[in-house]
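Pasting a structure below so you can have a look.
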Number of protein chains: 2
Amino acid sequence: MADLLSVAKLAGVSRATAARAFSSPDLVRPATREKVFNAAQQLAFRPNKIAQQLRSQATQMIGVMVPSLDNPVFAEQLQAMEVAARASGYSLIVTTSEYSPSREGDIVEEMLRQRVDGLVLTVAEADNSAVLNTLRLETTPCLLVYNPPGKSGFPSIGVDNRAASADATRHLITLGHERIGMVAGPLLQSDRARLRFDGYCHAMGEAGLIARSLVEMTRHTQADLKSLIPALQVPEALSAVICTNDLLAISLMGELQRAGFSVPGELSVMGFDGIALGKHLYPSLCTIEQPRAEIGRAAVHTLLAMIRGEKCTPAPLPHALRKGESVGTPTSRKSTLSTL
Amino acid sequence: MADLLSVAKLAGVSRATAARAFSSPDLVRPATREKVFNAAQQLAFRPNKIAQQLRSQATQMIGVMVPSLDNPVFAEQLQAMEVAARASGYSLIVTTSEYSPSREGDIVEEMLRQRVDGLVLTVAEADNSAVLNTLRLETTPCLLVYNPPGKSGFPSIGVDNRAASADATRHLITLGHERIGMVAGPLLQSDRARLRFDGYCHAMGEAGLIARSLVEMTRHTQADLKSLIPALQVPEALSAVICTNDLLAISLMGELQRAGFSVPGELSVMGFDGIALGKHLYPSLCTIEQPRAEIGRAAVHTLLAMIRGEKCTPAPLPHALRKGESVGTPTSRKSTLSTL
DNA sequence: CTAATAAATGAGATCGATCTCATTGCATTC
DNA sequence: GAATGCAATGAGATCGATCTCATTTATTAG
């Protein structure tokens, strides 16, 4: 691959002049500039970013780590990030921790070696995170996404999980539900899932209702969900459940219907996240919509500001309650489902 | 950030020795090695990949371009790619073309400037693609994913779309369906969607059935899908439709049900892709499963082989027919849906 | 037409790691 | 004790672009 030096030679100028023809064309006489451009054309010259990065000590690359791209909530965020980053001349190095805190460290170390200009991370646990403790000593700007801001001290982009979950709960309460449960995936270890549980408890208490102890599943598989159904058939009937994320809600809804229960007739199901697909299902998923694309864009723009050296304390982004057919009033219910 | 030179100084050795302590420890006397390691530790030395890349003329980075991460079929592939790449010491630069051929060129150029060791692309049109024509002149290994192998001349990872679609059609025919339609998204311009239409036509002809002219939607929105429903209510009733992808199938299914039609009672709906969510819906989506994760892994391994200089002509990966509740027999049908 | 000033260009260093080649040091052998 | 050999280390070049500073060329003024 042709480099600047060969272009310069062919054009009969020095490296410096050839470089200037590209980076500051107005410092170069038009005639000379043309000679350089022609030479570059002939040799199919393509500037080497690596050399530029080494020289300029900036890579224009953002390191991104999400738990998994199998969950659309992260994929949709990433899609928006990519567009926003590219619009600002940045590229993304994308990695997935597969929900494993131990991998988080290796991944981040690798990205630091690559000298990314900044990091956008979603970690398992923002407080008490090994990676974040390491990063605190580094100068590379780092921004959290979805993780609640907190002791970690890092700026964070996302919604107020506690408030959002409380809103979801109140929505059900307003519809007349009283026996409301919460179902969490295998990731209750996740900080945001816990906040969602908090919010639910808060809203329940506020309405004088009993927050049921939460159903936490060890794994998120079809079999596990199925096994959840009999577990729901005990003394007191639940009329609604909130799932800590949409994937879980959709799966649960499917299993309930498959087992012959009507949603929302016998049980209302609410999700959390607002993945795009939920809108198109029947019944459509009632959920808390996190503005995934907006979160992605805000993450990029905030990080770029941090890279420029600005101090950033982003405010939580607004969530929205997305009504959906998966939630109804409890009145019409003739349930056989029971509480735990 | 501390560099090797400062480590060398602190350790009282030359740069060369310090470098060797890391890259070929056995060439360095144990005592010296220790001095270097200690110095590195003290200075929090972190090797600079950029310098290594410039020197070694290899980045250990793979450039990936997919149309959009909003479609789980790409997100799931990418998830597997990331894990496979990391396992081999490679990183991914991820970009999205947003289905725009014009963006494809810029994106690939950018990745070439970054000197990625190889490219994994999903383009709009493999034959007659501007990007691929450019890349043909380059030495950077390039591999297509999902795009059918063809005139482009680039190796390609994916299933046999034509055969898979024919299998889907035959599945419906075997169940007794005769009036089978096909619904395509806004992307019939996409090469794979056309092959799927071909396969459908082929299987229909083979069974002596009439391949309906295909319904192509200009956009893939809820409103558009809704408008499709009356368009289906003409003279002859369809008993089944195949959608060119799962997202479309899921949305269609939702709209049909919302409009009061029973799936599969009045209309069987089949998808294509096999995104994970389809399994958990009710009715679960009957579809052609592309092995997304396997495709992602194969893409990485094949590309790495190409980078090593091996010639690669990967065989199509096997697809699978995933049975699902969205498809039934036409007998029980009391349809009001009609053909076009 | 020359002096003074501005514009254009070139030489060389730099970013950080690594490779080649030369040199030093130590040990083995006769 | 000198010679031969290998192990360990250092000096310097290299990867490709860009920046600083010096130098040359062009321009304007007097």
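The figures here come from the full heavy-atom set of this structure, side chains too, leaving out hydrogens, waters and symmetry mates. Given the structure is predicted, the values throughout are model-derived calculations rather than measurements.
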Subject >> First and last nucleotide of DNA chain D, 5' to 3', lying under 4.0 Å from heavy atoms of chain B >> reply: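 So the outermost contacting nucleotides come out as D:dA8 to D:dG16.
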Original post:
Under the side chain to side chain donor-acceptor pair (under 3.5 Å) test, which residues partner B:N71, sequence neighbours left out?
Top reply: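 Counting only residues at least two positions away or on another chain, B:N71 forms no side chain to side chain donor-acceptor pair (under 3.5 Å).
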Original post:
What parts of residues 31-40 of chain B reach DNA chain D, counting only heavy atoms under 4.0 Å away?
Top reply: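 Hits under 4.0 Å, by residue number: B:T32.
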Distance-only check: which donor-acceptor pairs under 3.5 Å involve side-chain atoms of residues 39-46 of chain B, not counting sequence neighbours?
unit_1: B:R46; atom_1: NE; unit_2: A:E109; atom_2: OE1; d: 3.3
unit_1: B:R46; atom_1: NE; unit_2: A:E109; atom_2: OE2; d: 3.3
unit_1: B:R46; atom_1: NH1; unit_2: A:E138; atom_2: OE1; d: 3.0
unit_1: B:R46; atom_1: NH2; unit_2: A:E109; atom_2: OE1; d: 3.3
unit_1: B:R46; atom_1: NH2; unit_2: A:E138; atom_2: OE2; d: 3.0

**OP:** With sequence neighbours excluded, tell me which residues meet side chain to side chain donor-acceptor pair (under 3.5 Å) with B:E34.
**Re:**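 Expected list: none.
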Original post:
Does anything in residues 2-14 of chain A reach DNA chain D, meaning a heavy atom under 4.0 Å, and if so which residues?
Top reply: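 Hits under 4.0 Å, by residue number: A:D3, A:L4.
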**OP:** Only one of A:D191, A:L121, A:L119 passes side-chain contact (heavy atoms from CB on, under 4.5 Å) with A:L144; say which it is.
**Re:**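 Only one of A:D191, A:L121, A:L119 forms a side-chain contact (heavy atoms from CB on, under 4.5 Å) with A:L144, namely A:L121.
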Original post:
Which part of the nucleic acid, if any, lies within contact of B:R29, taking any heavy atom under 4.0 Å across all strands shown: a base, the sugar-phosphate backbone alone, or nothing?
Top reply: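 Sugar-phosphate, backbone atoms only, no base.
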**OP:** Please list all pairs passing the ring-ring contact (aromatic ring centres under 6.0 Å, His included) test where one or both residues lie in residues 108-142 of chain B, with sequence neighbours left out.
**Re:**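 Every candidate ring-ring contact (aromatic ring centres under 6.0 Å, His included) pair involving residues 108-142 of chain B fails, so no pair, neighbours aside, qualifies.
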**OP:** Could you list all the salt bridge (Lys or Arg N to Asp or Glu O under 4.0 Å) pairs where at least one residue sits in residues 8-28 of chain A, not counting sequence neighbours?
**Re:**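 Residue pairs with at least one partner in residues 8-28 of chain A: there are none.
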Subject >> Residue mapping more 5' on DNA chain C - nearest nucleotide basis, A:R20 or B:K49 >> reply: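 Looking at the nearest nucleotide for each, A:R20 comes out on the 5' side.
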Original post:
Does anything in residues 103-148 of chain B pair up under ring-ring contact (aromatic ring centres under 6.0 Å, His included), and if so which pairs, sequence neighbours excluded?
Top reply: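 Only B:F74-B:Y146 qualify under ring-ring contact (aromatic ring centres under 6.0 Å, His included).
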Original post:
Can you name the side chain to side chain donor-acceptor pair (under 3.5 Å) partners of A:R103, sequence neighbours left out?
Top reply: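 Testing A:R103 for side chain to side chain donor-acceptor pair (under 3.5 Å), a comparison that skips the adjacent residues, returns A:E98.
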Original post:
For DNA chain D, whose closest nucleotide is more 5', that of B:S56 or that of B:T17?
Top reply: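 On the 5' side of the pair lies B:T17.
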**OP:** Tell me which of B:R15 and A:F22 sits closer to the 5' end of DNA chain D, going by the nucleotide each one is nearest to.
**Re:**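 That would be B:R15.
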**OP:** Could you pull out all residues at least two apart from A:E294 that satisfy side chain to side chain donor-acceptor pair (under 3.5 Å)?
**Re:**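 Residues passing side chain to side chain donor-acceptor pair (under 3.5 Å) with A:E294: A:R297.
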Original post:
Of all residues at least two apart in sequence or in a different chain, which pass the ring pair (Phe, Tyr, Trp, His ring centres under 6.0 Å) check with B:F37?
Top reply: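 With sequence neighbours excluded, B:F37 shows a ring pair (Phe, Tyr, Trp, His ring centres under 6.0 Å) to B:F22, given in chain and number order.
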